[in-house]
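Beneath this line is the structure, given in structure tokens, with notes to follow.
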2 protein chains.
Amino acid sequence: MKFCTKENCTVNEETNGVRSKRPANATLDGFDRKILGALVEEAGLSYARIGERVGLSAPAVFERVKRLRSAGVIGSVSARLDGESVGKPLLAFVHVDTTGWGKSERLMRMREFPEVEEMHSVAGDTGMILKVRTQGPQALEHLLLQLYVIPGVTASRSYVVLSTYLDRPVQADVTLDWPKHPLPEE
Amino acid sequence: MKFCTKENCTVNEETNGVRSKRPANATLDGFDRKILGALVEEAGLSYARIGERVGLSAPAVFERVKRLRSAGVIGSVSARLDGESVGKPLLAFVHVDTTGWGKSERLMRMREFPEVEEMHSVAGDTGMILKVRTQGPQALEHLLLQLYVIPGVTASRSYVVLSTYLDRPVQADVTLDWPKHPLPEE
DNA sequence: CTTGAAAGCTTGCTTCA
DNA sequence: TGAAGCAAGCTTTCAAG
């Protein structure tokens, strides 16, 4: 707890009961970033192992991870499944055009389909982008049918994924020394 | 849950977009799907807890998870980070148009940027879709600049995300009784 | 932040249906 | 073949320094 001042950090950090509702902007230090990097890459590593990788004791890592979780930096820890193996080989991005403004309650209900993995309103020549993963073309059609029933939806364009060359979680970017950046050389 | 037995467990980023060798089609039964559902929702649940949730003993769950991992159904287990908290509040989807065919070695090098999270070739009025998460507009511009240096890249359209209404991992779809599906009712 | 220690977990081995 | 029972050796996690 390096940002404890003398006033607010008297004896022990019993911050457990009190969940700080801050946007969690307390700057992450190098240790935090290394820990996050390890956890993104391979959650389920023991605290001891992470500790020896970043140069901290197991309880220290434990405390920091706890803090990072309650601060919302770590949202959840989850298994990443293979789409094909779970019977959903077809991945597609669907652009949805709407009249008026896009965020209708009706459109939000599309989230109830487990095939819909992401839903973002965007700036550009469409209003909303959906990432959907289905069993096949027919299931995608089923989804699109549901879309067109929604009032205000005027058009959709589906981009069916042919090959996925990269798919990874949000990176912790241990090297955050902007704007220097490793350029892919010739 | 430790898979690194030695301290020399050095890991490269290449394991993130890993493609499993086998389709791993051994049919998943109800237990498998329930276990997967639990692990997607909350990896790091103890096997004992999962066991009592799905009606199996801890060692039985352990065996099945091991099998699911080596079959490639579970690709990896990772922490999901909050983009803003790690200093990358700007999310965008970038459509890349190319002459000839898209999968150039040169384009693949874009994967080396930690800001690039996904890269798919698609069918539709563009050739490739990138999902990128950057510190801000300037960092996005930097990335686009790198794109346009690549021979064969003729155009790009960036869809900057304004709001994210849903963002979740591949779902295990416990109810896979197709094509019956819960329709979002009026 | 570190050390030390108790409770609980993972996980290989063996036994049982 | 696959699940339950057991037991050793870790891990988590709470004290206290």
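Because the structure is predicted, anything quoted here is derived from the model rather than measured. Below, chain A is the first sequence line, B the second, and so on; all start at residue 1.
For D:dT12, neither phosphate oxygen OP1 nor OP2 lies less than 4.0 angstrom from any side-chain nitrogen or oxygen of A:Lys66. Phosphate contact (OP1/OP2 of D:dG2, side-chain N/O of B:Arg64, threshold under 4.0 Å): absent. Of the side-chain N and O atoms in A:Arg49, one or more sit less than 4.0 angstrom from OP1 or OP2 of D:dT11.
In this entry the distance linking CG of B:Leu45 with C1' of C:dC9 reads 13 Å, nearest Å. In this structure, CD of A:Glu63 is placed 8 Å from P of D:dC14, rounded to the nearest angstrom. As a whole-Å value, the separation of B:Glu52 CD from C:dG8 P is 14 Å. In this structure, the CZ atom of A:Phe62 is 19 Å from the P atom of C:dA5, given to the nearest Å.
Using a 4.0 Å cut-off between charged side-chain N and carboxylate O, A:Asp167 and A:Arg80 make a salt bridge. A salt bridge is defined here as a Lys NZ or Arg NE, NH1 or NH2 lying under 4.0 Å from an Asp or Glu carboxylate O, and A:Arg64 with A:Asp29 meets this definition. Using a 4.0 Å cut-off between a side-chain N of Lys or Arg and a carboxylate O of Asp or Glu, A:Arg133 and A:Glu115 do not qualify as a salt bridge.
Listed nucleotides: D:dA4, D:dT11, C:dC9. Nearest to the side chain of B:Ser57: D:dA4.
Residues B:Pro59 and A:Tyr47 each lie close to DNA chain D; by heavy-atom proximity, the contact nearer the 5' end of the strand is made by B:Pro59.
Using a distance-only test at 3.5 Å, with no hydrogens or angles considered, no donor-acceptor pair links the side chain of A:Arg69 to the main chain of A:Lys66.
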